[in-house]
Amino acid sequence: MSDWIDIASLDDIPQRGARVVKTTQGCVAVFRTADDKVYALDNSCPHKGGPLAEGIVHGASVTCPLHNWVFSLETGLAAGADEGQVATYRARVLNGRIELEAAFLAARSAA
Amino acid sequence: MTQKLIIIGAGMATGRALETLLETAPEAYDVTLFNAEPRGNYNRIMLSPVLAGDKTYAEIETHGPEWYAQNGVTCRFGERIASIDRSAKTVTSENGDVLGYDKLMFGTGSNPFMIPLPGHDLAGVIAYRDLEDTERMMALGPDNRCVVIGGGLLGLEAAAGMAARGVDVTVVHIMGHLMERQLDEAAGYLLRRALVDKGITIKCAANSKEILGKDGHVRALLLDDGTELPCDLLVMAVGIRPNVALAQQAGLAVGKGIHVDDQMVTSDPDVLAVGECVEHDGAIFGLVAPLYDQAKVAAKTLLSEEAAFVQKELSTKLKVTGCDLFSAGDFADGEGREDIVFRDPARGVYRRLVIENNVIIGAVMYGDTADSNWFFGLIKDKTDISEMRDTLIFGPAYQGGTPLDPLAAVAALPRDAEICGCNGICKGQIEDAIAAGATDLGALKAVTKASASCGTCTGLVEQVLAVTLGDDFVMPAAASICACTDMTHEDVRRMIKSQRLTSMPAVWQECGWKTSCGCHVCRPALNFYLLADWPLEYADDPQSRFINERKHANIQKDGTFSVVPRMWGGITTPDELRAIADAADKYMVPTVKVTGGQRIDLLGVKGEDLPAIWKDLNAAGMVSGYAYSKGLRTVKTCVGTDHCRFGTQDSTGLGIKLEKTLHGAWTPHKLKLGVSGCPRNCAEATCKDIGIICVDSGFQISIGGAAGMDVKETELLVQVASEAEAMDVIKAITQLYRENAKYLDRIYKWMAKVGLDWIEARVVTDQAERAALVDRFEISQSIYRHDPWAAHVKEKAKRYQPLARLDLEAAE
């Protein structure tokens, strides 16, 4: 089994956008920034469970659509005065394809 | 050895001279201070705020009895000097006391000029000069009428102060526009409009003929065109004359004022004079800044120190709340002179610079005077502006390529840049005072007097504090859009329009965004401004929209969506209802609710089902209800003439037409309309953003209602006779709102800023402007009047599905 799972073409996510990957343990949001970096985070805001994939992406951050908490896509940490962290998973772009690290699935199943 | 100093007049100039003298050499003189007014020195230029009720006399008193006592000044207030014997070096007071002096200082000030009209000596005819005059005006109230002769600085401050007390005030001005010595016509026009908005009647180019009286008291002013202006009080504020009677009688050299040299010494070496009573090098003085300079020079002269009074360029500000204006230098048109003019009608902003040989020689500003000190500096320093000419008019923040932090402009000021014009305080003096421990505004005021007189430089002084102290100073939050920029919504809109910025990266670049691509606060605002200003050039950016507008449905707390199909004017059919019921069944919609806007809301639809449910609703003829948008929401109607026995017009029909015309129109905030068929107002039109009440004779269009966090009743804009005209007016209002309002301002908030009159002038009075607005509205609608549901079903359905389903693989 390969270490990385092929998910989709990079073009399937708009720049400064996100879409979700459904897993047995809930949804993972995959973000694409303006400079074509991809990040994978749990699609659930630690505040009230807001769907982060529906948020506005700016720089390497996303703003939750429910109450405007802002999270770093790199670390999953909430910005400013808010406290909380979203789980992050390793993601990469290879030959125009988005890939997630296989271990992340295992980690989620075990959780 | 202590010498005797007698001062005649306890005004602002002699007050400042005394302060300087006592600070420098408290033991040098034994001072006796005479004053005709029964009080000591107060800040006379703050009488206008006292009149307006913004301040009390106690707050503007400069020197109280304790101050005089502490400093050993003998006060003889309420006493005049009857005569002066210069050879014996004595003065004789009106009660016969004879006092000797070593030095004598005149500060007799000025007398208001009274036009010798027939009736000028009637009771109730006053000037605007001292506290007694102010108190006379303060005694008036809403039942009184007052006429002010003179549309200059003083007359307008008097008029505005009384208007603030509810007095019915008319200003009569002989010239063609207000404050003609300080303002050009355009700024005079804006000022006039602002004063009219305050309920003041302004009559320019009006000649007074006679003051009419009854039983010895004024009752009206008669103009030479025969107009009679009834009044209970008549205030003459047409100018001042130096008060030279006593000096003349004492045999001093007198012209327009008491002649003084650069050391403020009169023709008698032991007699000095300062303030409004003096004439220096042919000039007389009415503003406070040169008087303070004179005072300091006079104090030094008394102490045999070298000092010389130099006349400087002067600037003017008006102390009327809500009328920010500034003028300096020479702004007359002329050969070889060029203008740079900036106008922003929406904000009521006007700026004009007059340039000669690449140097600014005059400036007039109205509405936004924040940069006035910078421009005044350029005038005084005769700076060559050829390098920055392209962006000069926008002020210091726009110089040097990308705009800088507003504080940078202050930081860049040289140490000798004047900050407080009244007190002649330069930036360097403020910096020194801060270094010496005056680290807040109050302390700075106490130490340097900066911002302690008229107060209009307070913001600038705070900025110097901020620049000097860095993080230790907490500035009152500036209303920038967000942390990505220091610019306000208004600044950015101005840049988008004036610099033709048609893309988001262009805005970020030209406006110096501090982040790479904005944030969730600024991006939706910029996206709106760009599509509103450049509907043809700019392509809407879904990624800069809040999820509701990106996915055309309302996000709910659990991440599902609500779907509201449009029902034009609140009218539906059995077929539509069946289709809605079928969709609710098919997509297992947990809640079906009727909304306040007469629509049916399907709550709890899963994100991935959106394209499918839309497709079904589209098939039944329904389109997006835009229940999610900062744009046209619904047009609520009553049943009108079709069924109602009271209905006067086809309100339902008009509602449907309006909704079909306006749908898809993006606006700064949500836009709700209501059309009621009669004044019983069953559609609750008078709490909508735009409300229409049908009456027998036509349609009353009112705007600015709200029923949310604020509850507001609409204000009547216009009544029109035909449905077609009603449609045009509403299209024009929508376009005007779209082009001018700040993002997330509802119409009522926008209206509070620009005024109903301003809107009325454009969509009611000026037919050409209305037509142009309607045209621009239609151009924009040619792009945006469509059904986003159908478009997304066709082109973007895949985006609503998960990117990948790893749950299925895992299950295998």
Side-chain angles (χ1 to χ4, degrees), chain A residues 5-35 38 40 43-45 48-70 79-80 98-100 102 104-106 108-109, chain B residues 481-485 504-505 508 513-527 539-561 606-608 610 628 792 795-812:
Chain A
I5 306 169
D6 181 87
I7 298 293
S9 166
L10 179 65
D11 296 337
D12 289 335
I13 306 179
Q15 284 186 330
R16 295 192 199 102
R19 285 178 68 186
V20 297
V21 173
K22 279 201 173 181
T23 78
T24 48
Q25 308 297 318
C27 289
V28 170
V30 181
F31 296 87
R32 176 182 176 189
T33 63
D35 51 1
V38 295
N43 188 35
S44 180
C45 176
K48 299 271 183 181
L52 297 178
E54 313 284 22
I56 289 179
V57 179
H58 45 100
S61 301
V62 63
T63 301
C64 176
L66 295 194
H67 306 97
N68 291 333
W69 283 37
V70 178
I98 297 167
E99 297 182 342
L100 298 184
F104 103 93
L105 257 185
R108 283 178 73 80
S109 319
Chain B
I481 296 180
C482 61
C484 299
T485 176
M504 217 154 329
W508 296 333
W513 242 244
K514 293 185 269 186
T515 50
S516 65
C517 60
C519 71
H520 65 276
V521 177
C522 59
R523 283 235 308 279
L526 293 185
N527 187 57
D540 179 43
D541 175 23
Q543 301 313 126
S544 293
R545 285 188 177 274
F546 182 61
I547 184 64
N548 288 0
E549 296 182 345
R550 195 178 335 133
K551 288 201 166 169
H552 304 288
N554 288 8
I555 195 162
Q556 305 298 308
K557 61 185 274 191
D558 61 355
T560 64
F561 290 86
K606 293 184 201 69
E608 56 236 61
L610 287 173
Y628 44 78
H792 279 228
E795 295 152 17
K796 290 190 174 170
K798 206 176 133 211
R799 288 268 164 90
Y800 289 79
Q801 304 309 315
L803 186 62
R805 301 282 310 255
L806 299 181
D807 53 337
L808 301 179
E809 288 167 31
E812 279 166 11

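Throughout, protein chains are lettered first and strands after them, A, B, ... in sequence-line order, and every chain is numbered starting at 1.
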Checking [X] against chain B: side chain, backbone, both or neither under 4.5 Å from a heavy atom?
X       : result
A:Pro65 : both
A:Ile7  : both
A:Val62 : neither
A:Val21 : both

Worksheet item: Got a donor-acceptor contact below 3.5 angstrom from the A:Arg19 side chain to the B:Ala804 backbone?
Response: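 Pair absent, no side-chain N/O of A:Arg19 close to backbone of B:Ala804.
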Open item on the list: Taking A:Arg16's backbone N and O only, do any of them form a donor-acceptor pair with B:Gln543's side chain (distance below 3.5 Å, no angle check)?
Closed with: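 Such a contact is found between B:Gln543 side chain and A:Arg16 backbone.
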Can you tell which part of [X] gets under 4.5 Å to a heavy atom of chain A, answering side chain, backbone, both or neither?
X        : answer
B:Arg545 : backbone
B:Ser516 : side chain
B:Lys798 : both

From A:His58 NE2 over to B:Cys484 SG, what is the distance, rounded to the nearest 0.5 angstrom?
->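 SG of B:Cys484 is found 8.0 Å from NE2 of A:His58.
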Here the gap from B:Asp807 atom CG to A:Gln25 atom CD, rounded to the nearest 0.5 Å, amounts to 10.5 Å
Is the closest side-chain heavy-atom distance between [X] and [Y] below 4.5 Å?
X        : Y       : answer
B:Ile547 : A:Pro51 : no
B:Arg799 : A:Pro14 : yes
B:Pro524 : A:Ile56 : yes

A:Gly55, A:Ser44, A:Gly50, A:Gly49: which one forms the most heavy-atom pairs within less than 4.5 Å of chain B?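 Ranked by heavy-atom pairs under 4.5 Å with chain B, first place is A:Gly55.
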Interface check, chain B: of A:Asn68, A:Leu100, A:Asp35, most non-hydrogen pairs under 4.5 Å belong to A:Asn68
- Message: Assess the residue pair B:Ile555 and A:Glu54 against the criterion (side chain to side chain contact (heavy atoms under 4.5 Å, CB included)); give the C-alpha distance rounded to whole Å, side-chain angles, the decisive distance to 0.1 Å, and a yes or no.
- Response: CA-CA 9 Å; B:Ile555 195 162; A:Glu54 313 284 22; 4.3 Å; yes
- Listed by chain and number, what are the side chain to side chain donor-acceptor pair (under 3.5 Å) partners of B:His792, not counting sequence neighbours?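 Counting only residues at least two positions away or on another chain, B:His792 forms a side chain to side chain donor-acceptor pair (under 3.5 Å) with B:His552, B:Tyr800.
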